[in-house]
*Asks:* 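Just dropping this structure here.
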2 protein chains.
Amino acid sequence: MQNKQIPRYQQLKDLIIEQIYDGALKPLQRVPSENQLVKSMGVSRMTANRALKELNEEGYLNRRAGVGSFVSDFRVNSHLFEIKNIADEVAFRGNKHNSRIIKQSLIDVPRKISRIMNIDSNEQIFHILLVHYEDSIPIQIEDRYINRFFAPNFLEQDFLSITPSSYLSGISPLHQAEQIVSAIIPKNLISNLLEIEKESPCLLITRKTWVKKEMITYGKFYHPGDRYELVGHYEPVKSNKFQKNNKKFM
Amino acid sequence: MQNKQIPRYQQLKDLIIEQIYDGALKPLQRVPSENQLVKSMGVSRMTANRALKELNEEGYLNRRAGVGSFVSDFRVNSHLFEIKNIADEVAFRGNKHNSRIIKQSLIDVPRKISRIMNIDSNEQIFHILLVHYEDSIPIQIEDRYINRFFAPNFLEQDFLSITPSSYLSGISPLHQAEQIVSAIIPKNLISNLLEIEKESPCLLITRKTWVKKEMITYGKFYHPGDRYELVGHYEPVKSNKFQKNNKKFM
DNA sequence: TCTAATTTGTACGTATGTATG
DNA sequence: ACATACATACGTACAAATTAG
């Protein structure tokens, strides 16, 4: 612990976050206990406690009294938990999720994608187009481009058994994400795949995700307007009950 | 400080939150300093610090070193800051917001609203229907019901100069909110007011808000699909810079 | 401009309680 | 019963920011 301007607890946090992002600390792996940090880092127990406590609140770690502190399993639910995995959502409603792969290929970067993702246009990129079903009813079309260096084994994945979102967030937790929601009348290809009338409205979610300041995926997610709703529930954190409940999602 | 099961810092927090909700502590008002709490509550400074620190992080208070701790001004931006005020959004984009009031009245509770809001159907309720414009282009229709006991002076408000959202959250901060986003083709009344083609898609946001476990408002917000987007940007809290920046919104 | 007082921010040391294995 | 680890709590100290005089 050296730097003077940055508080020690923050330096500790940054150190651990860095190791998580670098892969030195992997999901579910144990991180040093408070007392170990006291010895190895030369800080007080309260300082170590604050660092680990805040990392827990921010979703990087899970802590259990009497057990220890562990890196969160971002595959289940990342700290960016607003970004939902469609399969989990369906399962949560007690229904059966499955999917149909329309395309899964390595292609030349389309002009538009090249601009959006800032990738050279004579590079190549993974593209996937698939339909998600809830109890055999189409509920989402996923039309997504994936940086090929981020997920080199993308083509070999079986996306019938694991969703692309789940696979991708297993490689590395997201650092940033952006979602834009709009209402549209989709093109014929989309309405056919969703098995809806030609002029029916759809929710279109355009999502960008980043890892280390680099855009990793860009995708469009189409939902039938009458079969899907984005639900948001907000309440202030009033008691530590909330934090404890939250752990169920980790 | 008495109770045994609940931690003292939590009891302190609950006490202050209660006073904010009861109106004993009003927005912008000063709350006791850490040292005052040490004396009056018989807790240690660290415990008082933890309570006030967490209330700050949760948005109830604003704290400044050398100055003190103050109740947040929920009128500007509540801790449920995901619930945006349309006028602020428009202003943020550098455009001019204005609105047109179609209805502003006290009516018998419609059957459907009675069920949703759990209000006796021979009671009365406020109803407002207005169109929000961004640079004179319709951007949102607000169709909202408001519990008349919560906002007794609702009819006397001039909603051309202050939005209903802003007025309502000035009465009391929200305790809970729910938003459901869907894509629809609106009825003629709505498409006329939004000045869009008959079969154009719209984003429909259905919003419920609660204060003290009681539903205070229920409303539908219609946006032209091609003129409005819900944008969400997510990134993990990596440093305390984030918290400091957040204060700008208070 | 300087000083003192107040308030928050950070940090250390210590102690006790609770949960877990 | 015991050791380990986190949770809470008290006491103390100094630094940084701000305000009042």
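We name chains A, B, ... by the order of the sequence lines, and we start the count at 1 in each one. In this text, all values refer to a predicted model and were calculated from it rather than measured experimentally.
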*Asks:* Would you tell me if any nitrogen or oxygen in the side chain of B:S69 comes within less than 4.0 Å of OP1 or OP2 on C:dT8?
*Replies:* yes

*Asks:* Just the rounded figure in Å: distance from P of D:dA9 to NZ of B:K13.
*Replies:* 12 Å

*Asks:* Both A:T47 and A:V67 contact DNA chain C. Taking the nearest nucleotide for each, which residue is further toward the 5' end?
*Replies:* A:T47

*Asks:* What is the distance from CG of A:L55 to P of D:dA7, rounded to the nearest Å?
*Replies:* 12 Å

*Asks:* In whole Å, what is the span from the CZ atom of B:F70 to the P atom of C:dT6?
*Replies:* 16 Å

*Asks:* Could you say whether A:M46 or A:G66 is positioned toward the 5' end of DNA chain D, judged by the nucleotide with the nearest heavy atom to each?
*Replies:* A:G66

*Asks:* If I take atom CD in residue A:E34 and atom P in nucleotide D:dA3, what distance separates them, rounded to the nearest angstrom?
*Replies:* 20 Å

*Asks:* Considering only side-chain heavy atoms of B:Y9, which listed nucleotide, C:dC12, D:dA9, C:dT8, is closest?
*Replies:* D:dA9

*Asks:* Just the rounded figure in Å: distance from P of D:dT12 to CG of B:N35.
*Replies:* 12 Å

*Asks:* Which distance, rounded to the nearest 0.5 Å, do you find between the OH of A:Y60 and the CG of A:N56?
*Replies:* 13.0 Å

*Asks:* Look up atom OG in A:S136 and atom CG in A:N95, then write down how far apart they are to the nearest 0.5 Å.
*Replies:* 10.5 Å

*Asks:* Round to the nearest Å and state the distance from A:R50 atom CZ to C:dT8 atom P.
*Replies:* 15 Å

*Asks:* Under 4.0 Å between a Lys/Arg side-chain N and an Asp/Glu carboxylate O for B:R207 and B:E178?
*Replies:* no

*Asks:* Centroid separation under 6.0 Å, is that true for the rings of A:F154 and A:F149?
*Replies:* no

*Asks:* Rounded to whole angstroms, how far apart are NZ on B:K53 and P on C:dG9?
*Replies:* 9 Å

*Asks:* Taking a pair as Watson-Crick or G-U wobble with both distances under 3.5 Å, which nucleotide is matched to C:dA11?
*Replies:* D:dT12

*Asks:* With sugar-phosphate meaning primed atoms plus P, OP1 and OP2, does B:R45 contact a base, only sugar-phosphate, or nothing at under 4.0 Å between heavy atoms?
*Replies:* base

*Asks:* Between D:dT12, C:dG21, D:dC6, which one does the side chain of A:R64 approach most closely?
*Replies:* C:dG21

*Asks:* Checking all strands, does A:N49 fall into the base, sugar-phosphate, or nothing category for heavy-atom contacts under 4.0 angstrom?
*Replies:* base

*Asks:* Can A:R50 be said to sit on top of A:Y9's aromatic six-ring, NZ or CZ under 6.0 Å from centre and within 45° of the ring axis?
*Replies:* yes

*Asks:* Please state how far atom NZ in A:K39 lies from atom P in D:dT4, giving the value in whole angstrom units.
*Replies:* 9 Å

